[in-house]
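Remarks on the structure that follows.
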2 protein chains.
Amino acid sequence: MTNGKPPTPLTQSRRSDATRTAILTAARERFATDGYERATIRAIAKDASIDPSMVMRYFGNKEGVFAAAVSIDLKLPDLAALPRHAVGEALVTHFLAMWEENDVLTALLRVGVTNQAGAERMQGVFRDQLLPVARHVCPDPEQIPARAALVAMQLLGLAVTRYVLRFPPAVALSRREVVAWLAPTVQRYLTAPNP
Amino acid sequence: MTNGKPPTPLTQSRRSDATRTAILTAARERFATDGYERATIRAIAKDASIDPSMVMRYFGNKEGVFAAAVSIDLKLPDLAALPRHAVGEALVTHFLAMWEENDVLTALLRVGVTNQAGAERMQGVFRDQLLPVARHVCPDPEQIPARAALVAMQLLGLAVTRYVLRFPPAVALSRREVVAWLAPTVQRYLTAPNP
DNA sequence: TGTGTAGGCCAACAAGTGTTGACGTATTCC
DNA sequence: GGAATACGTCAACACTTGTTGGCCTACACA
């Protein structure tokens with residue numbers, strides 16, 4: 001976590017913090033709607049009502065902006081605390097909520113698809129956040145990665161069709177319908193004894 | 001299908017056809033690996049051992065190259081000819097095969113995620129190719145779009161995690177395993193009476 | 001043989017990119 | 001007070017992008 005901050009007293013928030021967060025907010029939005037390549041430093045700076053050079057000064061380079069702007073915490077619930085048959089529904093519901101209230105997920109998905117660094121970061125999210133959760137639910141420990149991957153397939157497919165490509169019928173589904181259809185699938189991928 | 005061909009006798013293939021297809025092949029590969037923005041005309045031209053200006057002359061502009069290079073035919077099998085309980089497995093098997101032998105699908109997915117025109121083209125593929133197939137299998141006609149969308153979610157999720165983001169456990173799954181896990185899901189989305 | 005034309009290359013344009021450094025201004029600390 | 005430093009702007013850099021027009025070569029047809 002080395003950012004470009006010069007060593008200043010951290011006792012009180014600095015004046016530039018407002019600018020910083022303005023940049024990050026603008027960056028998140030741009031990355032989400034435009035993807036990595038088309039989200040330009042100039043556009044981000046303009047959205048934040050700031051000079052492009054400030055963006056560079058604060059975050060070093062474009063990759064730095066992206067790294068600082070897009071940090072994902074899925075805040076996955078503790079599935080171990082749930083009755084086993086309810087984990088599918090809990091996961092789908094949670095994902096749906098996260099995706100609808102949050103630009104960052106779309107941003108990361110868009111960038112992950114076009115950019116190698118973005119793809120690696122998504123792999124990190126999968127490894128550090130989804131895998132551990134699956135660990136608490138899967139029957140056979142050896143099958144954990146495969147089962148987590150299956151869950152990822154279903155949930156990312158949902159995100160791609162509904163929030164990125166916006167297939168009309170995928171958008172038209174209510175959240176309740178999505179949960180009703182997908183929860184049993186996720187449940188099966190996680191806990192069913194066999195394919 | 002209006003391409004930039006000047007009106008020449010079509011009795012025999014023109015000398016330039018080789019160049020044409022070389023450009024299209026190179027373009028497909030570049031769009032697949034780099035996405036729309038980073039696939040430059042110059043790179044495509046270099047791969048085709050041709051001058052960049054030729055690409056423009058043949059296809060007008062970059063969008064023209066993309067339109068000419070990426071035309072998707074999923075070649076979906078006629079599900080109506082199959083026993084009803086076998087459509088899930090047939091679809092998943094077919095998709096898997098298509099995706100592994102074909103650059104174009106990855107290209108379109110990559111572009112669809114970052115580019116508006118690409119997204120619309122994917123919607124077209126969904127509408128013109130997947131929806132009609134679902135029409136022959138779904139019980140309730142009114143549910144056809146939703147069910148086709150659910151199938152798209154599952155299949156595109158597979159493609160994203162396995163071929164684009166390359167999550168290691170998703171790549172590690174054998175084709176047989178993928179079919180074994182996903183076929184029942186697709187089957188359910190298409191033919192189950194209710195969520 | 002000459003001439004028209006299709007196929008191809010070269011050089012350049014205008015616009016936009018990430019990035020940098022010099023230069024002001026306000027705030028903070030002594 | 002003055003001086004150091006954080007904050008910010010401006011202008012420009014080096015480079016890449018899509019795109020264009022002029023020029024050269026080889027082939028077809030008269």
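Proteins come first, then strands; the chains are lettered A, B, ... in the order of their sequence lines, and each starts at number 1.
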query: To the nearest Å, how far apart are A:Phe59 CZ and C:dT20 P?
result: 16 Å
- prompt: Could you go step by step and tell me if A:Lys62 and A:Glu37 meet the salt bridge (Lys or Arg N to Asp or Glu O under 4.0 Å) rule?
  reply: CA-CA 10 Å; A:Lys62 190 176 178 179; A:Glu37 332 288 337; 5.6 Å; no
query: Looking only at atom types and distance, does a side-chain atom of B:Arg147 sit under 3.5 Å from a main-chain N or O of B:Tyr189, one as donor and one as acceptor?
result: yes
message: Nearest whole Å is fine: how far is D:dC7 P from A:Arg20 CZ?
response: 8 Å
message: Do B:Leu105 and B:Met98 make a side-chain contact, defined as non-hydrogen atoms from C-beta onward lying under 4.5 Å apart?
response: yes
field: Rounded distance in Å - CZ (A:Arg57) to P (C:dA22)
entry: 12 Å
task: Can you tell me the distance, in whole Å, between the OH atom of B:Tyr36 and the C1' atom of D:dT17?
output: 12 Å
Please write out the pairs of protein N or O atoms and N or O atoms of nucleotides 12-17 of chain C separated by less than 3.5 Å, giving the distance to one decimal.
unit_1 : atom_1 : unit_2  : atom_2 : d
C:dA12 : N6     : B:Arg42 : NH2    : 3.4

Integer-rounded Å distance: D:dG8 C1' and A:Ile23 CD1: 11 Å
- request: Find the distance A:Asn61:CG to C:dT20:C1' and express it as a whole number of Å.
  value: 13 Å
- request: With salt bridge (Lys or Arg N to Asp or Glu O under 4.0 Å) as the test, would you mind laying out the steps for B:Arg162 and B:Glu100 before giving the verdict?
  value: CA-CA 10 Å; B:Arg162 186 178 170 97; B:Glu100 302 219 341; 3.3 Å; yes
- prompt: Parallel, tilted or perpendicular: which fits the ring planes of B:Tyr163 and B:Trp99, with parallel below 30° and perpendicular above 60°?
  reply: parallel
message: Within residues 45-56 of chain B, which residues have any heavy atom lying less than 4.0 Å from an atom of DNA chain C?
response: B:Ile50, B:Asp51, B:Ser53, B:Met54
message: Could you report the tightest heavy-atom contact between B:Met122 and B:Leu109, atom names first, then the distance?
response: SD-CA, 3.9 Å
message: Rounded at 0.5 Å granularity, tell me how far CZ in B:Arg42 sits from OG in B:Ser53.
response: 10.5 Å
message: Would you say A:Gln187 and A:Thr191 are linked by a side-chain donor-acceptor pair, where the criterion is simply a distance under 3.5 Å?
response: yes
task: Can you tell me the distance, in whole Å, between the CG atom of B:Asp17 and the P atom of C:dA6?
output: 14 Å
